[in-house]
Structure formats: structure tokens, C-alpha cells
Amino acid sequence: MTHARGERSALCDLFDTLGPDAPTLCTGWNTYDLAAHLVLRERRIDASPGIALKPLAGYTASVQEGLKAKHPFPELVALARRPGGVYGLLPPLDEAVNTLEYFVHHEDVRRAQPSWEPRELPDDLERLLWRRLDMGATLMLRRSPVGVILHRLGGGVAIGGAKDGVKVEVTGKASELLLFCFGRQEHARVDLTGDPDAIARLTHAPLGM
């Protein structure tokens, strides 16, 4: 099983356990909303551009609500469990695109529940997450108001954010750094070093893709 399929399966198992009304780290979304988002993203190509493009977000939101109206929660979870659209036809593309998507959303659900703790991830998954972060740090940190230096425990440095001025150093496992850079700063287990004001600004910045 690929890491994308493993994270997908684990997330859907968690959906089944928690039900449709559990909180997530996605602002304003419960588990029902998140399941609908995942199905829309793969199976409603007409609505998926609005995930990233604000002028189209209204249509995307209406389609997402329509999916919830059409499908009971267990049906949406069953649809999310199987790669849809092009991802179902091309497993390498599923692994390339969906490993980060499903890892982050799995943690969005896990870390919104009481008494969560970080998982011990396989070394090869940690390495994969770091490679993706190393390549994508500039994009993920483009809205950071300060410069950011990422230090991966075990080796590795990546830089992003504002090019000039004060910098904040962020240290942790690749998985935790990735969650930080995806906008889950308050739920990422990392150490922050730098000017307190700069740290506060970075912690509340709208990071992510």
C-alpha cells in the first residue's frame, strides 16, 4: 500500500469512528464537510477549481453542500475511501498528489480531538514529507510576514517567507514542519526561535498552499 492510500484509509477509518459531527482543524468544517470536500476534489472536476480560486469558491461551496444533501455521511466516506477520477486511474499520480493532502487532513481530524498525540511515522514517510516540503517551502511560506528557516530534526534546512528583515527558526520532525507550513501552526509540535513579535506574527499568518 502506498502512503497516499494508507493515509486515505486511516482517515476514512477515523471518519467512521467519529461520525459526521466531529470537529476538524479546517475552520468552520466538521467531519461531514471534510469528507464532502475530499469527494468533490476528486469526483467533481467542475467544482474543484474553487478550492484554490476565490472567485469560484461560491460555486464550489454550493456543490459541496449538494454532496452532503445527496449522500449520507457513510456514503461520502465510502466514496472518499476509493481514489476517484484520474487518481483512480493513475496510482502514481495518486501517490504524488495525495500523500500530502491525506496526511494533512488525517491530522486535521486527529488533532481536533481531545488528548491527541503525534504519531510515530515510518522513516520513509518522514523522508518523503521532507522532500515535498524542501521543494515547496517557498510556496507554502509565501504569505509569511517574516523570513523562516526550517530545521529538520535529523538533518535538513529549508528557507522561505519574507526575503528581508527578521527571521524565525522553526525546528521539528519533517511531518511537524509540514503541518506548520500548511497553516496548522498552533497544532504543530515544533520549537520556534527568534524575536517574540516575529514568532507571534508567524504563528498567526495564513500559511499553506
Using every non-hydrogen atom in the two residues, find where Ala198 and Val146 come nearest and quote the distance to one decimal.
CB-CG1, 3.9 Å

Hey, does Leu121 have a side-chain heavy atom less than 4.5 Å from the side chain of Leu129?
yes

Partner residues of Arg44 under the salt bridge (Lys or Arg N to Asp or Glu O under 4.0 Å) criterion, sequence neighbours left out
Asp46

Output every pair passing ring pair (Phe, Tyr, Trp, His ring centres under 6.0 Å) with a member in residues 103-140, not counting sequence neighbours, ordered by first then second residue.
His37-His105

According to side chain to side chain donor-acceptor pair (under 3.5 Å), does anything in residues 131-156 pair up with another residue at least two apart or in another chain? List the pairs.
His151-Glu169

Charged N to carboxylate O under 4.0 angstrom, Lys70 versus Glu65?
no

Sequence neighbours excluded, every pair satisfying side chain to side chain donor-acceptor pair (under 3.5 Å) that has a member inside residues 77-94:
Arg8-Asp94, Asp13-Arg81, Asp16-Arg81, Asp94-Asn98

Counterpart residues, salt bridge (Lys or Arg N to Asp or Glu O under 4.0 Å), relative to Glu7 (two or more places apart)
Arg119

For residues 20-36, which residue pairs qualify under side chain to side chain donor-acceptor pair (under 3.5 Å), counting only residues two or more places apart or in two chains?
Asp33-Lys68

Could you tell me which residues satisfy side-chain hydrogen bond (donor to acceptor under 3.5 Å, both in side chains) with Asp197, sequence neighbours excluded, listed by chain and number?
none

For Lys167, all residues meeting salt bridge (Lys or Arg N to Asp or Glu O under 4.0 Å), sequence neighbours excluded:
none

Write out all pairs satisfying ring pair (Phe, Tyr, Trp, His ring centres under 6.0 Å) with one or both partners inside residues 170-209, taking only residues at least two apart or from two chains.
none

Verdict with supporting geometry, Thr203 and Gln185, side-chain hydrogen bond (donor to acceptor under 3.5 Å, both in side chains):
CA-CA 6 Å; Thr203 300; Gln185 295 101 304; over 6 Å; no

In chain order, what residues pass the side chain to side chain contact (heavy atoms under 4.5 Å, CB included) check against Pro74, with sequence neighbours excluded?
Pro72

What residues form a salt bridge (Lys or Arg N to Asp or Glu O under 4.0 Å) with Arg5, not counting sequence neighbours?
none

Sorted by first residue and then second, give each salt bridge (charged side-chain N to carboxylate O under 4.0 Å, His left out) pair with at least one member in residues 176-185; sequence neighbours left out.
Asp108-Arg184, Arg111-Glu176

Closest contact, heavy atoms only, Ala35 versus Phe73
CB-CE1, 4.0 Å

